[in-house]
Amino acid sequence: MLTLYGASVVTLMMLFYAFEARSSWFTLAFAFSCLGSAAYGFLAGTWPFGVVESIWSLVALRKWYVLYPHKHD
């Protein structure tokens, strides 16, 4: 089950990254799929992968927040 989960979140990451130019929501979805991938890394015992994916998630969240207009009220 863990392998299936890992393959699913990595596939979602790839799809959301490919569609980022279409909508800011794909950037946000990419960030959350990176978190899912990080969880997979930690659960699988490959903590360096989990750390890197966590960082990618923060990078994507920052990109989404900075590059796309949002209401901040």
Side-chain angles (χ1 to χ4, degrees):
M1 288 301 289
L2 186 59
T3 301
L4 180 61
Y5 170 75
S8 298
V9 293
V10 171
T11 300
L12 288 173
M13 279 178 54
M14 180 185 65
L15 289 173
F16 294 147
Y17 182 77
F19 291 126
E20 268 190 314
R22 294 179 182 216
S23 171
S24 64
W25 296 109
F26 285 115
T27 303
L28 186 61
F30 175 73
F32 282 107
S33 61
C34 286
L35 279 180
S37 183
Y40 165 75
F42 289 121
L43 290 170
T46 55
W47 66 266
F49 182 80
V51 170
V52 170
E53 288 300 325
S54 297
I55 293 168
W56 268 119
S57 179
L58 292 174
V59 169
L61 281 172
R62 184 178 188 289
K63 177 181 178 181
W64 177 77
Y65 186 80
V66 171
L67 292 182
Y68 302 105
H70 306 283
K71 293 182 180 180
H72 300 291
D73 38 41

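In what follows, residues are counted from 1 in the order of the sequence shown. Remember, predicted model here, so these are calculated numbers, not experimental data.
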| Residue pair L43 / Y40, side-chain heavy-atom distance below 4.5 Å | no

| said: Looking at T46 and G41, would you say the former's side chain and the latter's main chain have a donor-acceptor pair under 3.5 Å? | reply: yes

| field | Atom pair CG (L58) and SG (C34), whose distance is rounded to the nearest 0.5 Å | value | 9.5 Å

| field | Shortest non-hydrogen contact between G50 and F42, atoms and distance | value | C-CZ, 3.5 Å

| request: First locate atom OH of Y17, then atom CE of M14, and finally report the distance between them rounded to the nearest 0.5 Å. | output: 12.5 Å

| task | Pick out which of K63, R22, E20 makes a side chain to side chain donor-acceptor pair (under 3.5 Å) with T27. | result | E20

| said: Taking L28 as the starting point, is it possible to reach V59 by hopping between hydrophobic residues whose side chains are less than 4.5 Å apart? | reply: no

| query | Which heavy-atom pair separates Y5 from A39 by the least distance, and what is that distance? | reply | OH-CB, 4.1 Å

| task | Determine, stepwise, if the pair F30 / W64 fulfils side-chain contact (heavy atoms from CB on, under 4.5 Å). | result | CA-CA 10 Å; F30 175 73; W64 177 77; over 6 Å; no

| request: Measure from the side-chain N and O atoms of T11 to the backbone N and O of A7, and report whether any donor-acceptor pair falls under 3.5 Å. | output: yes

| request: Indicate if L35 and Y65 have the same hydrophobic cluster label, given that clusters are the connected sets of ILVMFWY residues with side-chain heavy-atom separations under 4.5 angstrom. | output: yes

| field | Over 12 foreign heavy atoms within 6.0 Å of CZ, F32 | value | no

| message | Quick check on the hydrophobic clustering: are W25 and L15 connected, directly or via other members, by side-chain heavy-atom contacts under 4.5 Å? | response | no

